[in-house]
Structure formats: structure tokens, C-alpha cells
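Report on one structure; see the data block that follows.
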Amino acid sequence: MLTKKQHLLLMFIDQRLSATGVSPSFDEMKDALELKSKSGIHRLITGLEERGFIRRLPHRARALEVLKLPDNTPTVAKKSFPAAIESGDVPSSSAIQPANDTVELPLYGKIAAGTPIEALRDPGQTVGVPPFMVGRGEHYALEIDGDSMIEAGIHDGDTVLIERCNTAESGVIVVALVDQTEVTLKRLRKRGDSIALEPANKEYETRIFGPDRVNVQGKLVGLLRQY
């Protein structure tokens, strides 16, 4: 069973797809449901997706598909929606502009030895990323300083997207806090009772620690690069 907001959003998306062939932007959905922020839209979209009413199409920012409507859904009159989404406000296909839907992540500073991860955060700095790159969970972004992971395709100056977590499987690239003071991005390997942090550059050595010396603070899920 859908909430009133979920039902309104589903019908709005379906109406827009039927009229234009393109799903509405998150800003349009926010205005249509008279919400104050896009975070509420993200929650509604996730709820509709979990219930099997819609699905997100990968690798596209403006990409929702309606899979089904609630049983016994009548034809919805225009006035059922807030004024912002009456059909007169729906653009024709030729007038549609590229969407700028993004998720704003906190942007931490350059990952650097001797600095705990929380100390790197600048509350005023964020980076916008396409929603498909982060999925569920809490995420943040880090700027890479150095070349220790270049063979994994991670270069100096890149921005990496990190899913916050405190555990990770062996072989995953993680943000690791060593001895409560040093933060580093390395590939984690579990070797018996020890933990190895492997670089992806033959010029650097693998470092091995006892399990009580390494705390995982997140795992790599994406990368942004400017040319």
C-alpha cells in the first residue's frame, strides 16, 4: 500500500512519461509535491522502487520507468495534483532540457597521512554526483593526493566517492584509519590475524598491521575526474 505522497509522485511520473517520454527532474518532482528539499523525493523514489512500482535505469540521470500502477487506479484528474504539475506546465518533447539531477555529497579535503578523516571535512564544500553512482547508504567524497593507487585507475587530483562503513571484504579498496591518526586509501587484504593495506603502484610497499590498528571508514564506490 502506498502513502498519499508516494501515490501522487507515481502518478505524476507516469503522467509525465506518457506526455513527453521523459521522466521529470527531481526539482520538478519536489515542486510538484510541494516539498522543501529533494531528499524527500529520494526517499519516495526509494520506497516506490522497493515496492516494485518503478525502477531506475542505470547510467542516466533522468531515468525512471513505471513498472505498474496501484490496482484499480482510476484516471486521475488534473486537479488531483498540486497546481505545479497541471498539464499546462508539462513541456513538449522538443522543449525538454537535459536534467541536472544530482545528489550533494560532503566533500572532504585531500586524503593525507596524519589527519583523521573527520578533520578533513569542510562543512561548506559539497560535490554533486548522479544518483546512480551512490545508491543507498551514507556517502562522502574525497580528493586524492598522490599516486599510490594509479594502477587501480585512481590518480592525483581525482575525486573518489566513498560509502561509509566499518567493515569490508578482502580485496576492496577502502579508506583506512591507521593507529587513530593516519588516513589512507588502499586495497584491504586480510591475512590471518593481520590486515594488509596494498598500494596500486609498484613504487610503494604493502604495509601490514594487527587488526586492532586499522579501522575501516568507508569503501570506494565511484570516481570523478576532470580533464
When you measure from the side chain of [X] to the backbone N and O of [Y], does any donor-acceptor pair fall under 3.5 Å?
X    : Y    : value
Q6   : T3   : yes
N201 : E203 : yes
K5   : L33  : yes
T126 : E104 : no

- Polar contact flag, side-chain donor to acceptor under 3.5 angstrom, T184-K186: yes
If you take all heavy atoms of [X] and [Y], which pair is closest and at what distance?
X    : Y    : result
L185 : S148 : O-OG, 4.5 Å
A141 : L105 : N-CB, 4.5 Å
A168 : L188 : O-CD2, 4.1 Å
Y140 : Q217 : OH-O, 3.1 Å
F53  : L69  : CE2-C, 3.9 Å
F12  : E28  : CE2-O, 3.9 Å

- Message: side chain to side chain contact (heavy atoms under 4.5 Å, CB included), that's the test. Do M29 and L9 meet it? Break it down for me.
- Response: CA-CA 7 Å; M29 289 187 271; L9 181 59; 3.4 Å; yes
- Task: Please determine if R191 and E198 form a salt bridge, counting it only when a charged side-chain N lies under 4.0 Å from a carboxylate O.
- Result: yes
- Item | Residues R187, E151: salt bridge by 4.0 Å N-O rule | no
With heavy-atom distances below 4.5 Å as the criterion, would you say the side chains of [X] and [Y] are in contact?
X    : Y    : result
D158 : D156 : no
E65  : L17  : no
L177 : V216 : no
T159 : L107 : yes
V129 : L161 : yes
R43  : S39  : yes
I162 : K219 : no
V160 : V221 : no

Can you measure from [atom1] ([X]) to [atom2] ([Y]) and round to the nearest 0.5 angstrom?
X    : Y    : atom1 : atom2 : answer
R213 : T181 : CZ    : OG1   : 9.0 Å
S194 : R189 : OG    : CZ    : 15.0 Å
K202 : I150 : NZ    : CD1   : 9.5 Å
L10  : L44  : CG    : CG    : 11.0 Å
L2   : R51  : CG    : CZ    : 6.5 Å
I54  : E49  : CD1   : CD    : 6.0 Å

- Message: Would E182 and R207 count as a salt bridge (charged side-chain N to carboxylate O under 4.0 Å, His left out) here? Give the steps.
- Response: CA-CA 13 Å; E182 175 188 349; R207 301 164 67 193; 2.7 Å; yes
- Item | Chi angles and distances behind the side chain to side chain contact (heavy atoms under 4.5 Å, CB included) call for I13, I45 | CA-CA 10 Å; I13 294 170; I45 290 289; 3.9 Å; yes
- Message: Let's go through V174 and L220 carefully: what are the C-alpha distance in whole Å and the side-chain angles of both, what is the deciding distance for side chain to side chain contact (heavy atoms under 4.5 Å, CB included) to 0.1 Å, and is it a yes or a no?
- Response: CA-CA 6 Å; V174 302; L220 179 71; over 6 Å; no
- Task: Could you give me the CA-CA distance, side-chain angles and deciding distance for N166 and N215, then say whether side chain to side chain contact (heavy atoms under 4.5 Å, CB included) is met?
- Result: CA-CA 7 Å; N166 54 24; N215 292 319; over 6 Å; no
- Query: Should we say atom CG of D179 is surrounded by more than 12 heavy atoms from elsewhere, each under 6.0 Å from it?
  - Reply: yes
- Query: Is it the case that more than 12 heavy atoms not belonging to E169 sit under 6.0 Å from its CD atom?
  - Reply: no
Indicate, with yes or no, if [Y] and [X] share a hydrophobic cluster defined by side-chain heavy-atom contacts under 4.5 Å among Ile, Leu, Val, Met, Phe, Trp and Tyr.
X    : Y    : answer
I208 : I173 : no
L223 : I144 : yes
V175 : L197 : no
V178 : V172 : yes

